[in-house]
Amino acid sequence: MPFTFNADLRPFNTFGISVKAKLLARFDSVEQLRALLADARVNELPRLFLGGGSNVLFTQDWQGVVLLNEISGMEVVKEDEHHVWVSAGAGEWWHNFVVHCVDHGWGGIENLSLIPGKVGAAPMQNIGAYGVEIKDTFHSLDAMRISDGELITFDREACRFGYRESFFKREGKDRFVILRVTFRLHKAPHALHTSYGNIQQELERQRITGPTIKDVSNAVIAIRRSKLPDPAVLGNAGSFFKNPVVPGALARNIALEHPDVVAYPAGHGEMKLAAGWLIEKAGWKGFRANDHGVHDKQALVLVNHGNATGQAIFELSEQVLQSVKERFGVELEREVNIL
Ligand SMILES: Cc1cc2nc3c(=O)[nH]c(=O)nc-3n(C[C@H](O)[C@H](O)[C@H](O)COP(=O)(O)OP(=O)(O)OC[C@H]3O[C@@H](n4cnc5c(N)ncnc54)[C@H](O)[C@@H]3O)c2cc1C
């Protein structure tokens with residue numbers, strides 16, 4: 001089984017942070033994973049399972065083993081008149097899976113086109129974009145309990161999905177490795193979600209009146225390319241913070257001073273505020289010091305202009321948190337996993 005000792009993790013995280021791991025190993029089957037976990041060089045060390053490294057910030061060397069999940073395969077496991085159950089290996093790239101489904105005419109995840117990372121990490125934070133989250137079409141996942149190697153199937157309820165949250169990000173953290181995920185997708189006709197963000201405008205710009213799921217996917221791709229920095233060009237991990245949910249009274253206070261505040265009802269009298277708007281109003285958009293900074297088009301995205309350290313980006317996130325708290329009385333929470 002090939003190991004890399006003292007591995008540079010720069011190619012394995014989209015922030016492009018150069019830190020070392022004691023050991024790096026890959027697995028593409030459950031058997032290989034079992035063999036790795038039983039290996040004397042691995043089982044004493046702290047373990048970190050990584051997909052595409054697009055939701056992590058390394059602030060220091062990883063004094064353990066990094067295990068890259070490369071379990072592949074996509075297959076239809078069941079179908080009926082209206083639905084198809086499609087399962088994908090955790091090591092498949094998420095966008096490739098979306099394209100595969102869209103090309104087959106299976107609807108439900110087209111709004112999640114172009115989200116970086118792998119299928120196995122998608123349930124970790126219930127990835128979402130343009131009004132859709134994976135919980136909407138999620139059916140089940142297979143995971144291995146690391147303590148005893150037992151294979152366990154989790155249904156949607158067991159995953160306890162929330163906004164950028166799941167059981168695996170909280171109580172299940174570091175206890176399970178996700179191996180395979182199954183979605184229940186729609187065969188045509190399928191209700192499209194085009195009212196969120198600029199999807200409708202993008203479709204109109206392209207003169208599309210009766211969109212297909214492929215058209216929606218293409219519109220989302222076009223919007224994302226125009227708005228978000230490509231990690232291959234500028235290191236980043238997408239939204240660094242979650243959109244905060246605050247009491248309605250606080251949102252109304254902010255709106256009195258700033259009628260342009262971006263806020264949506266979040267139920268129970270609470271409001272969800274756009275974290276990017278708060279950060280921009282606190283003056284951070286386009287900020288740069290040495291190689292760490294805040295993106296100049298989307299203040300929610302912290303960036304590495306080249307050789308920033310993870311520690312510098314983390315400290316910048318502290319400053320952003322602090323200033324938003326002082327300015328608006330709103331406590332931001334990080335979405336990215338800090339390591
Ligand atoms: C430009 C850009 C745009 C983005 N846009 C969005 C967006 O619109 N919506 C959104 O929700 N997210 C977005 N993200 C964040 C990111 O793409 C997702 O969180 C994605 O699911 C992370 O996948 P990954 O494979 O890279 O995970 P990694 O970064 O490799 O891992 C993330 C966490 O999951 C754990 N993990 C990974 N795989 C497994 C596994 N198989 N079993 C157990 N634990 C595992 C890791 O240990 C880590 O804690 C964006 C990121 C970037 C860079």
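Counting starts at 1 for both ligands and their atoms, in listed order.
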> Does the separation of the ring centres of His258 and Trp277 fall below 6.0 angstrom?
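They qualify: ring centres under 6.0 Å apart.
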> For ligand 1, find out whether one of its N or O atoms is nearer than 3.5 Å to an N or O atom of Gly52.
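Min N/O separation from ligand 1 is below 3.5 Å for Gly52.
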> Taking the six-membered ring for Trp, are Phe154 and Phe176 parallel (under 30°), tilted (30 to 60°) or perpendicular (over 60°)?
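Plane angle over 60°, so perpendicular.
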> Any idea which part of Leu48 is under 4.0 Å from ligand 1, heavy-atom wise: side chain, backbone, both or neither?
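Side chain only.
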> Kindly write out the residues that satisfy side-chain contact (heavy atoms from CB on, under 4.5 Å) with Glu280, not counting sequence neighbours, or none if the list is empty.
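side-chain contact (heavy atoms from CB on, under 4.5 Å) list for Glu280, sorted by chain: Lys285, Ala299.
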> What atoms in ligand 1 come closer than 4.0 Å to a heavy atom of Asn69?
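In order of numbering, the contacting atoms are 41 (N).
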> Centre-to-centre under 6.0 Å for His82 and His186, is that the case here?
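Between His82 and His186, the centre distance exceeds or equals 6.0 Å.
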> Measure from the ring center of Phe161 to the ring center of Phe167 and say whether it is less than 6.0 Å.
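So the answer is no for these two rings.
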> Should one rank Arg180, His295, Arg224, Glu335 by closest heavy-atom distance to atom 3 (C) of ligand 1, which comes out on top?
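Result: the heavy atom closest to atom 3 (C) of ligand 1 is in Arg224.
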> I want to confirm something. Looking only at heavy atoms, which of Gly53, Ser239, Gly235 is nearest to atom 28 (P) of ligand 1?
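The nearest heavy atom belongs to Gly53.
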> Quick one: does Glu133 get a heavy atom under 4.0 Å from ligand 1?
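Contact check Glu133 vs ligand 1: negative.
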> Can you tell me if Lys173 contacts ligand 1 (heavy atom of the residue under 4.0 Å from the ligand)?
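Under 4.0 Å: no for Lys173.
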> With a 4.0 Å cut-off on N to O distance, would you call Asp8 and Arg10 a salt bridge?
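Arg10 and Asp8: not salt-bridged.
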> Given 3.5 Å as the limit, does a donor-acceptor pair link the side chain of Ser166 with the main chain of Phe168, or not?
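Between the backbone of Phe168 and the side chain of Ser166 there is a qualifying donor-acceptor contact (under 3.5 Å).
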> Hey, does Gly128 come in under 3.5 Å of ligand 1, counting only N/O atoms on both sides?
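Among all N and O atoms of Gly128, at least one is under 3.5 Å from an N or O of ligand 1.
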> In terms of atom number and element, which parts of ligand 1 are under 4.0 angstrom from non-hydrogen atoms of Val177?
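The atoms of ligand 1 under 4.0 Å from a heavy atom of Val177 are 42 (N), 43 (C).
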> What is the nearest protein non-hydrogen atom to atom 14 (N) of ligand 1, stated with its residue, atom name and distance?
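Result: Ile115 CG2, 4.2 Å.
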> For ligand 1, indicate whether the residue Ile127 contacts it via side chain, backbone, both or neither (heavy-atom separation under 4.0 Å).
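Both of them.
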> How far is atom 31 (O) of ligand 1 from its nearest protein heavy atom, and which residue and atom name does that atom have?
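Ranking protein heavy atoms by distance from atom 31 (O) of ligand 1, first comes Val56 CG1, 4.2 Å.
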> Just need the protein heavy atom nearest to atom 40 (C) of ligand 1, so name the residue and atom and give the distance.
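Nearest protein contact, heavy atoms only, for atom 40 (C) of ligand 1 is Ile178 N, 3.7 Å.
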> In terms of residue, atom name and distance, what is the protein heavy atom nearest to atom 16 (C) of ligand 1?
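Atom 16 (C) of ligand 1 sits closest to the protein heavy atom Ser54 OG, 3.4 Å.
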> Any idea which protein heavy atom is nearest atom 44 (N) of ligand 1, and the distance to it?
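So the nearest neighbour among protein heavy atoms is Met124 SD, 3.6 Å.
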> Give the atoms of ligand 1, by number and element, whose distance to some non-hydrogen atom of Phe176 is under 4.0 Å.
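Close to Phe176: 43 (C).
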> Is the number of heavy atoms from other residues, nucleotides or ligands under 6.0 Å of Glu44 CD greater than 12?
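At most 12 heavy atoms, drawn from other residues, nucleotides or ligands, come within 6.0 Å of this atom.
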> Using modelled atom types only, decide if a donor and an acceptor are shared between the side chain of Asp174 and the backbone of Lys169 within a distance under 3.5 Å.
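No: the side chain of Asp174 does not pair with the backbone of Lys169.
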> Which label fits His100 and Phe97: parallel for a plane angle under 30°, tilted from 30 to 60°, or perpendicular past 60°?
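Ring orientation, 0 to 90° scale: parallel.
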> Hey, mind stepping through His95 and Trp93 against ring-ring contact (aromatic ring centres under 6.0 Å, His included) and telling me if it holds?
CA-CA 6 Å; His95 181 63; Trp93 291 101; over 10 Å; no
> For the 3.5 Å polar cut-off, considering only N or O atoms, please tell me whether Pro229 and ligand 1 meet it.
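It does not: no N or O of Pro229 is found under 3.5 Å from an N or O of ligand 1.
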> Check each of Thr194, Val98, Ile199 against Val220 using the side-chain contact (heavy atoms from CB on, under 4.5 Å) test, and report the only one that passes.
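Passing option: Ile199.
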> Hey, are Asp103 and Lys214 close enough for a salt bridge, meaning a charged N less than 4.0 Å from a carboxylate O?
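The answer is yes: the pair qualifies as a salt bridge.
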> Any idea which atoms of ligand 1 are less than 4.0 Å away from a heavy-atom of Leu50?
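Heavy-atom distances to Leu50 below 4.0 Å select 30 (O).
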> Which residue holds the protein heavy atom closest to atom 33 (C) of ligand 1, what is that atom called, and what is the gap in Å?
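Looking at atom 33 (C) of ligand 1, the protein heavy atom closest to it is Asn337 ND2, 3.6 Å.
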> Would you check whether Phe49 has a nitrogen or oxygen atom less than 3.5 angstrom from a nitrogen or oxygen atom of ligand 1?
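Among all N and O atoms of Phe49, at least one is under 3.5 Å from an N or O of ligand 1.
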> Specify the protein heavy atom at minimum distance from atom 19 (O) of ligand 1: its residue, its atom name, and the distance to 0.1 Å.
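For atom 19 (O) of ligand 1, the nearest protein heavy atom is Gln125 NE2, 3.0 Å.
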> Pick one of side chain, backbone, both or neither for how Lys118 approaches ligand 1, counting any non-hydrogen atom pair under 4.0 Å.
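For Lys118, backbone and side-chain atoms both sit under 4.0 Å from ligand 1.
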> I need the atoms of ligand 1 closer than 4.0 Å to a non-hydrogen atom of Arg164, numbered in the order shown.
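Ligand 1 atoms under the 4.0 Å threshold to Arg164: 11 (O).
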> Applying a 4.0 Å heavy-atom criterion (strictly less than), which segment of Phe168 is in contact with ligand 1: side chain, backbone, both, or neither?
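For Phe168, there is no contact with ligand 1 at all, from either part.
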> Heavy-atom distances under 4.0 Å decide this one: backbone, side chain, both or neither, for Ala129 against ligand 1?
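The answer is the side chain of Ala129.
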> Pick from Gln125, Arg160, Lys242: which one makes a side-chain contact (heavy atoms from CB on, under 4.5 Å) with Glu165?
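Exactly one pass, corresponding to Lys242.
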> Could you check atom 27 (O) of ligand 1 against the protein and tell me its nearest heavy-atom contact, residue, atom and distance included?
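Looking only at protein heavy atoms, the one closest to atom 27 (O) of ligand 1 is Ala121 CB, 3.2 Å.
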> What part of Asn55, side chain, backbone, both or neither, has a heavy atom within less than 4.0 angstrom of ligand 1?
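It is both parts that get close, each with some atom under 4.0 Å.
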> Between Trp94 (side chain) and Leu112 (backbone), is there a donor-acceptor pair under 3.5 Å?
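Here the side-chain-to-backbone pair exists.
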> Within ligand 1, which atoms have a heavy atom of Gly117 less than 4.0 Å away?
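Taking each heavy atom of Gly117 in turn, ligand 1 has 23 (O), 24 (P), 25 (O), 26 (O) under 4.0 Å.
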> Salt-bridge test for Lys187 and Asp80: reply yes if a basic N is under 4.0 Å from a carboxylate O, no otherwise.
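Judged by the 4.0 Å cut-off on N to carboxylate O distance, Lys187 and Asp80 do not form a salt bridge.
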